[in-house]
Amino acid sequence: MLLLRLLIFSDIHNEWKTLERLLGVEADFYIAAGDQVTWAKGIERCGEILKSRGDKVWVLPGNHESADQVAKMCDQHGLHDFHGQQFQVGKWHVAGLGYSNPTPFNTPGEYSEPQLAERLQPFAALDPLVLVCHAPPHGTRLDQIRPGLHAGSRSVREFLDRRQPAYFFCGHIHEAEGVVEQMGATRAQNVGKAGYLLELE
């Protein structure tokens, strides 16, 4: 059985050596789940590094990049803009949605909860599904900044509870990097800049 390898990572925030190290891992697909940069600074450098894996790279905007900035970077460097998109590998559907729910910091990439819910809806019929979002689900270990303080998206949580994709990956909340939570049938993980190599049959 041939394994498909997806390397998923998030929240690089201009740590270019970290990004280069991640791209040094052999995979079939590389999914950058947002906040490659901070306040959109350094996005050109980011594109230069990502293009080393070219056509295998799929990019989401986090809350620190606008969708237009990411789309332009992808266009310039031969990468795939993954925001609101999906692709199929074997039997698997892989779908992505960038941006976060509103933050106190008024960053460039934020959606209201109704906007997030609307943009997730096209993925509801995909099965089996690997879903990658910048925003984690609210009220889980994946969005916990400290005990009792959660900053994730209620719309993402509602979609996961209702739809139960096989896998879910996110970033955004740095304090929850590497945390894994089983949400019913869904294996959910905040990948952070450590990244995670998913192997699919």
- prompt: Hey, mind stepping through Thr140 and Met183 against side-chain contact (heavy atoms from CB on, under 4.5 Å) and telling me if it holds?
  reply: CA-CA 9 Å; Thr140 64; Met183 300 175 63; 4.0 Å; yes
task: Please lay out, stage by stage, how His172 and Asp11 fare under the test side chain to side chain donor-acceptor pair (under 3.5 Å).
output: CA-CA 7 Å; His172 188 47; Asp11 300 274; 5.2 Å; no
message: What verdict does the side-chain contact (heavy atoms from CB on, under 4.5 Å) test give for Gln36 and Leu19, after you've listed the backbone C-alpha separation in whole Å, the side-chain angles of each residue and the deciding distance to 0.1 Å?
response: CA-CA 9 Å; Gln36 287 72 240; Leu19 184 57; 5.7 Å; no
message: Go through it in stages, so that I can follow the logic: the residues are Ser66 and Tyr99, the test is side-chain contact (heavy atoms from CB on, under 4.5 Å), and I'd like the CA-CA distance, side-chain angles, deciding distance and then a yes or no.
response: CA-CA 8 Å; Ser66 73; Tyr99 282 23; 3.9 Å; yes
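With rounding to the nearest 0.5 angstrom, the CZ atom of Arg154 is 9.5 Å from the CG atom of Asn101. Taking SG from Cys133 and CG from Leu97, the interatomic distance works out to 5.0 Å, rounded to the nearest 0.5 Å. Here the CZ-CG distance, from Phe123 to Leu131, works out to 7.0 Å after rounding to the nearest 0.5 Å. Atom NE2 of His93 is separated from atom CD of Gln86 by 6.5 Å, given to the nearest 0.5 angstrom. For the atom pair Leu116 CG and Phe159 CZ, the distance stands at 12.0 Å (nearest 0.5 Å).
Residues His134 and Ser100 share a closest heavy-atom pair of CD2-CB, 4.3 Å. Smallest separation of non-hydrogen atoms from Gly171 and Ser10: CA-OG, 3.6 Å. Across Gly42 and Asn14, no two heavy atoms sit closer than the pair CA-ND2, 4.0 Å. Taking each heavy atom of Gly54 and Leu79 in turn, the nearest pair found is O-CD2, 3.6 Å. A pairwise comparison of heavy atoms in Leu129 and Ala95 identifies CD1-CB, 3.9 Å as the closest pair. Nearest heavy atom pair, residue Leu142 against residue Cys170, reads CD2-SG, 3.8 Å.
With sequence neighbours excluded, no residue forms a salt bridge (Lys or Arg N to Asp or Glu O under 4.0 Å) with Lys56. Partners of Glu199 according to the side chain to side chain donor-acceptor pair (under 3.5 Å) rule, which considers only residues two or more places apart in sequence or in another chain, are Arg5. In this structure, the side-chain contact (heavy atoms from CB on, under 4.5 Å) partners of Asp81, at least two apart in sequence or on a different chain, are Val70, Ala71, Cys74, His83. Listed by chain and residue number, nothing satisfies the salt bridge (Lys or Arg N to Asp or Glu O under 4.0 Å) test with Glu118 (two or more places apart in sequence, or in another chain). The side-chain contact (heavy atoms from CB on, under 4.5 Å) search around Ala151 returns Ile145, Ile173, not counting sequence neighbours. Every residue meeting the side-chain contact (heavy atoms from CB on, under 4.5 Å) condition with Glu15, not counting sequence neighbours, appears here in chain and number order: Ile12, Thr18, Lys193. Checked against side-chain contact (heavy atoms from CB on, under 4.5 Å), Thr107 has the following partners two or more places apart in sequence or in another chain: Trp39, Asn63, His64, Thr103, Phe105, Glu110.
In summary, the side chains of Glu113 and Ser155 do present a donor paired with an acceptor at a separation below 3.5 Å, with no hydrogens or angles considered. A donor-acceptor pair shorter than 3.5 Å can be found between the side chains of Thr38 and His13. Between the side chains of His138 and Asp143, no donor-acceptor pair is found at a separation under 3.5 Å.
Using a 4.5 Å heavy-atom threshold, the side chains of His80 and Asp55 count as touching. Between Val156 and Pro136 there is no side-chain heavy-atom pair separated by less than 4.5 Å. Residues Cys46 and Met73 have side chains in contact (heavy-atom distance under 4.5 Å, counting atoms from C-beta outward). Contact annotation: the side chain of Ser153 never approaches that of Tyr111 to less than 4.5 Å [non-hydrogen atoms, C-beta and beyond].
Distance alone, capped at 3.5 Å, is enough to place a donor-acceptor pair between the Glu65 side chain and the Gly62 backbone.
Judged as a salt bridge (charged side-chain N to carboxylate O under 4.0 Å, His left out), the pairs with a partner in residues 160-176 (not counting sequence neighbours) are, in order, Asp127-Arg163, Arg157-Asp161, Glu158-Arg162. Listed by first and then second residue, the salt bridge (charged side-chain N to carboxylate O under 4.0 Å, His left out) pairs involving residues 21-44 are Glu26-Arg53 (not counting sequence neighbours). Within the structure, every pair that satisfies the side chain to side chain donor-acceptor pair (under 3.5 Å) test and touches residues 183-192, not counting sequence neighbours, is listed here: Arg187-Gln189. Legend: salt bridge (charged side-chain N to carboxylate O under 4.0 Å, His left out) pairs involving residues 87-98, not counting sequence neighbours: none detected.
Using a 4.5 Å cut-off between side-chain heavy atoms of Ile, Leu, Val, Met, Phe, Trp and Tyr, Leu6 falls into a hydrophobic cluster with Leu4, Ile8, Phe29, Ile31, Trp58, Leu60, Phe82, Phe87, Val89, Trp92, Val94, Val130, Val132, Tyr167, Phe169, Val191, Tyr196, Leu198, Leu200.
A side chain to side chain contact (heavy atoms under 4.5 Å, CB included) with Leu22 is found for exactly one of Leu7, Leu50, Leu197, namely Leu7.
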